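Chain letters run A, B, ... following the sequence lines, proteins first, then strands; residues in each count from 1. Fair warning: this is a prediction, and the values are worked out from it, not measured in the lab.
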Amino acid sequence: MKPEYRRIFQAVAAIPRGRVASYGQIAARAGLPGRARMVGKVLGYRSDGQELPWFRVLRADGRIAFAPGSRGYREQVERLRAEGVDVRNGRVPMQAFGLDHDLDRELWGMPD
DNA sequence: AGTATGACATATA
DNA sequence: ATATATGCCATAC
């Protein structure tokens, strides 16, 4: 297993429950700036056994990366909604569920 | 070795 | 909102 892949898995696993991140953010966090595509690749390599919150990874604009109606798409929507993430028309408001917002919330000390 | 294809991103138009 | 244009790079042919 390549070390980059491990870091990617680690970065994905670090996404808190009920929140989401973009492929680019994960890549950057894994020390691979500009290599967002690789993140998608690696997520595809995941073996079904391991527990990985792959569904918390979206495109930069908040849209689900899978084709609408596809199996992966439906599962992702389902799983996200199951933990309180608002998914409308295949899209999630990153402004509300993204990672940077957490820091803001910490600093401003205000609830959702 | 060369081309094509992605669970992508950013910049323009 | 749609549409190109680049950059990116692991895999598959």
In residues 58-75 of chain A, which ones come under 4.0 Å of DNA chain B, going by heavy atoms? Arg59(A), Ala60(A), Ala65(A), Phe66(A)
Residue pair Ala36(A)/Lys41(A) against DNA chain C: nearer the 5' end by closest nucleotide is Ala36(A)
Once you round it to whole Å, what is the distance between C1' of dA9(B) and CG of Leu32(A)? 14 Å
Please state whether the phosphate of dA10(C), meaning OP1 or OP2, lies under 4.0 angstrom from any side-chain nitrogen or oxygen of Tyr5(A). no
With pairs defined as Watson-Crick or G-U wobble and both distances under 3.5 angstrom, please note down DNA chain C as a dot-bracket string, | for pairing with another strand. .||||||.|||||
If I take atom CZ in residue Arg29(A) and atom C1' in nucleotide dA9(B), what distance separates them, rounded to the nearest angstrom? 19 Å
If I compare all heavy atoms of Met94(A) with all of Leu58(A), which pair ends up nearest, and what's the gap? SD-CD1, 4.1 Å
Any Pro3(A) side-chain heavy atom under 4.5 Å of Tyr5(A) side chain: no
Donor-acceptor check, side chain of Arg59(A) to backbone of Ile64(A), threshold 3.5 angstrom: yes or no? no
Please tell me which of the listed nucleotides, dC9(C), dA9(B), dA7(B), lies nearest to the side chain of Arg46(A)? dA7(B)
So, is Arg35(A) close to the dC8(C) phosphate, meaning a side-chain N or O under 4.0 Å from OP1 or OP2? no
Could you tell me how the ring of Phe66(A) sits relative to the ring of Trp54(A): parallel (under 30°), tilted (30 to 60°) or perpendicular (over 60°)? perpendicular
Atom CG of Asp61(A) with >12 non-hydrogen neighbours under 6.0 angstrom: yes
If each of Gly34(A) and Lys2(A) is mapped to the nucleotide of DNA chain C with the nearest heavy atom, which maps nearer the 5' terminus, i.e. the 5' end? Gly34(A)
Quick one: does Ile26(A)'s side chain get under 4.5 Å of Ile15(A)'s, heavy atoms only? yes
Whichever of Ser22(A) and Met38(A) has its nearest DNA chain B nucleotide further upstream toward 5': Met38(A)
May I ask you to decide if Met1(A)'s main-chain N or O and Arg6(A)'s side chain share a donor-acceptor pair within less than 3.5 Å? no
P atoms of dA7(B) and dT6(C), separation to the nearest Å: 23 Å
Using the side chain to side chain donor-acceptor pair (under 3.5 Å) definition, which of the options Glu75(A), Gln76(A), Glu83(A) pairs with Arg79(A)? Glu75(A)
Looking at every non-hydrogen atom in both residues, tell me the closest pair between Leu80(A) and Phe55(A) and how far apart they are. CD2-O, 3.3 Å
What's the OH-C1' distance between Tyr45(A) and dA12(C), to the nearest Å? 10 Å
